[in-house]
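Heads up: the structure comes next, in structure tokens.
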2 protein chains.
Amino acid sequence: MVYIRNECKVMPKSITRTYSRYSRDASSLLGGLIRAARKERKLTAQEVADRAGISRGLLQRIEKGDLKCEIGAVFEVATIVGVKLFDADETTLTRHIRQTEDKLGLLPKSVRKKSKAVRDEF
Amino acid sequence: MVYIRNECKVMPKSITRTYSRYSRDASSLLGGLIRAARKERKLTAQEVADRAGISRGLLQRIEKGDLKCEIGAVFEVATIVGVKLFDADETTLTRHIRQTEDKLGLLPKSVRKKSKAVRDEF
DNA sequence: TAAAAATGATCCTCATATAGGTCATTAAAG
DNA sequence: CTTTAATGACCTATATGAGGATCATTTTTA
């Protein structure tokens, strides 16, 4: 990369990322789920946003399925409105995990078992 | 960092976001799943990163469950290595959707339909 | 109905996540 | 073993996501 002085310094590259259909559908689906759950519980966008520690604008984007949101924010919101991706009692994704876990036997320790070590921060 | 020049006007606020245990576990779990799937398919980190159009560094963070990654990147990677969150044939999350959908009747059109729900308990 | 609240959309600024590089360490070939 | 590839960890510059206005609609409720 060259950076001449004078002469147009930085032509913005504008990295336009592309997403697969699958990702777009998944995100759109999740957003819809969240929105539906929020409505069901009669929570205003502002309320949820506050509780999640995010702005109302971001919540809007999340509910719209915008793929450019940090996953942490999405997970937080999902949790707050009650949309569970993983669940203690074998819901949704957890099933997938069991399968893969048994098959490969390598999962991040942070979610491995529970056994000793209370480790209940938070 | 010092910020001289008259009382420094813009002391960076450094918004440190906090995440619930649930979100952290979910993310860590998903990351582990992705990593396991990648290994299983014998794909190098660089390969997957290239295919997803992201950097190797970002892939590392994703596999580590870093909550500050855009959800689009995570979904792309998940798709590439074969970890399906939602699936055409009623897997995982889709079940949740059916339930909520029937109950509320408001879902994004892009994912609506698919004929009658099979709902065959995975 | 009128008033108040919630929402959707847009703009601007700042904080920061990402790309891309380096380097040390580990694993895989040869 | 030696060589090569893959990984993990770190750093910096910059492209961009997020916060925080504002305003027009739409929805609620009084």
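Just the heavy atoms: all of them, side chains too, but no hydrogens, waters or symmetry mates, feed the values below. Residue numbers begin at 1 in each chain, while the letters A, B, ... track the order of the sequences.
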Identify each atom pair where a protein N or O and an N or O of nucleotides 21-30 of chain C are less than 3.5 Å apart, giving names and distance.
none

### Whole angstrom value for the distance that separates C1' of C:dA17 from CD1 of A:I71
14 Å
## Note on the structure
note: A:D66, atom CG; C:dG8, atom P; distance rounded to Å ~ 14 Å
#### Entry: Phosphate OP1/OP2 of D:dT7 contacted by B:R38 side-chain N/O (<4.0 Å)
yes
### Query
Below 4.0 angstrom from OP1 or OP2 of C:dA19, is there any side-chain N or O of A:R17?
yes
### Any B:R35 side-chain nitrogen or oxygen under 4.0 Å from OP1 or OP2 of D:dG8
yes
### Message
Does any part of the side chain of B:I34, heavy atoms only, come nearer than 4.5 Å to the side chain of B:V48, both counted from C-beta?
### Response
no
### Summary
The reported gap from CZ in A:R21 to OG1 in B:T79 (rounded to nearest 0.5 angstrom) is 12.5 Å
N/O donor to acceptor pairs below 3.5 angstrom from side-chain atoms of residues 59-67 of chain A, sequence neighbours left out:
from  : atom 1 : to    : atom 2 : distance (Å)
A:R61 : NE     : A:D66 : OD2    : 3.0
A:R61 : NH2    : A:K68 : O      : 2.4
A:E63 : OE1    : A:R35 : NE     : 3.3
A:E63 : OE1    : A:R38 : NH2    : 3.3
A:E63 : OE2    : A:R38 : NE     : 2.7
A:D66 : OD1    : A:K68 : N      : 2.8

### Query
When the distance from CZ of A:R61 to P of C:dT7 is rounded to whole Å, what number comes out?
18 Å
### Task
Output all residues satisfying side chain to side chain contact (heavy atoms under 4.5 Å, CB included) with A:R41, sequence neighbours left out; order by chain, then residue number.
A:L43
#### Entry: Separation of A:R24 CZ from A:L29 CG (nearest 0.5 Å)
14.0 Å
## Note on the structure
Rounded to whole Å, CG of A:L43 lies from P of C:dA6 at a distance of 11 Å
### Query
How long is the line joining NZ of A:K68 and P of C:dA17, in whole Å?
16 Å
### Message
Nearest to the A:A45 side chain among D:dA9, C:dT7, D:dG19, which nucleotide is it?
### Response
C:dT7
### Interatomic spacing from CZ in B:F75 to CG in A:D25 - rounded to 0.5 Å
11.0 Å
### Message
With nearest nucleotide decided by heavy atoms, which residue, B:E70 or B:T44, maps closer to the 5′ end of DNA chain D?
### Response
B:T44
### Message
Distance check needed: D:dT16 P versus B:I54 CD1, whole Å only.
### Response
16 Å
### Query
Which angle, rounded to 10°, do you find between the first-five-pair axis and the last-five-pair axis of the helix from C:dT1-D:dA30 to C:dG30-D:dC1?
60°
### Task
Write down the distance between CG (A:L58) and C1' (D:dT16), rounded to a whole number of angstrom.
14 Å
### Task
For A:S20, enumerate each residue passing the side-chain hydrogen bond (donor to acceptor under 3.5 Å, both in side chains) test, keeping only those at least two apart in sequence or located in another chain.
A:S23, B:E76
### Task
With sequence neighbours left out, write down each residue that passes salt bridge (charged side-chain N to carboxylate O under 4.0 Å, His left out) with B:R56, or none if nothing qualifies.
none
### Query
What's the spacing between B:I71 CD1 and A:Y19 OH if we round to 0.5 Å?
10.5 Å
#### Entry: Separation of atom CD1 in A:I62 from atom P in D:dG17, rounded to whole Å
13 Å
### Message
Considering every strand and a 4.0 Å limit on heavy-atom distances, what is the contact class for B:K64: base, sugar-phosphate, or nothing?
### Response
sugar-phosphate
